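Scroll down for the structure; my scribbles are underneath it.
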Amino acid sequence: MLDTHTLYWFIEGDAKLSTPAAAVIGEPTNTILFSPASYWEMAIKISLGKWQLNQPYSDFIDIALVNYGFEILNISPGHTAELLNLPFYHRDPFDRLLIAQAIAEGVEVVSADTQFDAYPVNRTW
């Protein structure tokens with residue numbers, strides 16, 4: 001599962017994306033997931049002027065889904081229930097939800113955020 005910044009950097013071709021992260025994302029046998037929390041967070045950052053896209057927002061999402069075949073991991077009640085068990089090592093509500101989803105689904109997270117390491121999730125960067 002991609003962290004929000006990883007999704008952004010991959011689609012935008014940003015050099016901040018590490019080589020191992022790009023390899024995981026580009027491996028055709030991997031199922032690449034991203035959360036509605038990520039596209040919600042992106043929309044907020046774009047509307048606040050913190051991030052800019054090289055194309056319209058709807059095209060960005062289409063590129064992720066159609067061109068790259070990424071899949072949306074919808075947020076379930078089980079994912080939000082997992083939040084109840086998370087210690088507050090990480091305070092960001094979007095990242096906390098991604099962590100909860102990763103734990104509940106048993107999936108790896110591709111992220112540069114070292115705060116994810118405080119939780120029982122595998123992180124690639």
Side-chain angles (χ1 to χ4, degrees):
M1 182 169 68
L2 303 181
D3 194 354
T4 306
H5 64 270
T6 307
L7 173 65
Y8 175 77
W9 291 343
F10 183 81
I11 302 294
E12 290 294 296
D14 195 304
K16 293 177 190 166
L17 186 70
S18 75
T19 301
V24 167
I25 297 167
E27 171 56 49
T29 60
N30 289 337
T31 300
I32 305 301
L33 306 170
F34 68 101
S35 173
S38 290
Y39 54 81
W40 177 26
E41 181 179 13
M42 284 185 57
I44 290 169
K45 288 184 176 191
I46 293 164
S47 67
L48 292 172
K50 292 183 176 186
W51 285 3
Q52 294 181 353
L53 296 176
N54 294 323
Q55 64 272 322
Y57 175 80
S58 60
D59 291 350
F60 178 95
I61 299 299
D62 284 346
I63 288 167
L65 294 171
V66 178
N67 295 22
Y68 291 110
F70 298 170
E71 298 177 18
I72 296 171
L73 176 59
N74 286 315
I75 300 165
S76 73
H79 298 151
T80 57
E82 189 67 43
L83 285 167
L84 301 172
N85 302 318
L86 289 184
F88 277 90
Y89 304 132
H90 206 312
R91 297 275 181 203
D92 181 276
F94 296 105
D95 287 335
R96 288 180 56 76
L97 183 54
L98 296 180
I99 291 163
Q101 285 184 283
I103 292 170
E105 298 294 327
V107 297
E108 183 175 328
V109 178
V110 182
S111 175
D113 190 340
T114 58
Q115 288 182 308
F116 279 53
D117 296 339
Y119 298 96
V121 295
N122 291 324
R123 180 180 69 92
T124 294
W125 190 250

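Values in this document were obtained by computation on a predicted structure and should not be read as measured data. Scope of the values below: all heavy atoms of this structure, side chains included, with no hydrogens, waters or symmetry mates. All residue numbers in this chain count up from 1 along the given sequence.
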If you look at every heavy atom in N74 and Q101, which pair is closest and at what distance?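 Closest approach of N74 to Q101, heavy atoms only: O-NE2, 3.6 Å.
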For I32 and V24, work out which heavy atoms get closest and say how close.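 Distance-wise, the nearest heavy atoms are CD1-O, 3.8 Å.
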Are Y68 and L33 in one and the same hydrophobic cluster, where Ile, Leu, Val, Met, Phe, Trp and Tyr link if side-chain heavy atoms are under 4.5 Å apart?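 Looking at the clustering, L33 is in a separate group from Y68.
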With clusters defined by side-chain heavy atoms of hydrophobic residues (ILVMFWY) lying less than 4.5 Å apart, directly or transitively, does Y39 cluster with I63?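 Both belong to a single hydrophobic cluster.
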Can you tell me how far the [atom1] atom of [X] sits from the [atom2] atom of [Y], to the nearest 0.5 Å?
{"X": "L7", "Y": "M1", "atom1": "CG", "atom2": "CE", "answer": "11.5 Å"}
{"X": "T6", "Y": "I25", "atom1": "OG1", "atom2": "CD1", "answer": "6.0 Å"}
{"X": "I11", "Y": "I61", "atom1": "CD1", "atom2": "CD1", "answer": "8.5 Å"}
{"X": "W125", "Y": "D3", "atom1": "CH2", "atom2": "CG", "answer": "9.0 Å"}

Should [X] and [Y] count as side-chain neighbours, where that means a heavy-atom distance under 4.5 Å?
{"X": "E105", "Y": "L73", "value": "yes"}
{"X": "F60", "Y": "N54", "value": "no"}
{"X": "K45", "Y": "Y8", "value": "no"}
{"X": "E12", "Y": "W51", "value": "no"}
{"X": "R123", "Y": "T114", "value": "yes"}

Side chains of H90 and D113: is there a donor and an acceptor less than 3.5 Å apart?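 Yes.
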Cation-pi geometry met for R96 and F88 (6.0 Å, 45°):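 Yes; both conditions hold, so R96 lies above the ring face of F88.
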Verify the neighbour count for atom CD of E27: are there more than 12 heavy atoms of other residues, nucleotides or ligands below 6.0 Å?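 Enclosed.
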Give me each pair satisfying side-chain hydrogen bond (donor to acceptor under 3.5 Å, both in side chains) with a member in residues 57-66, each pair once, sequence neighbours excluded.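 Pairs touching residues 57-66 that pass the test: none.
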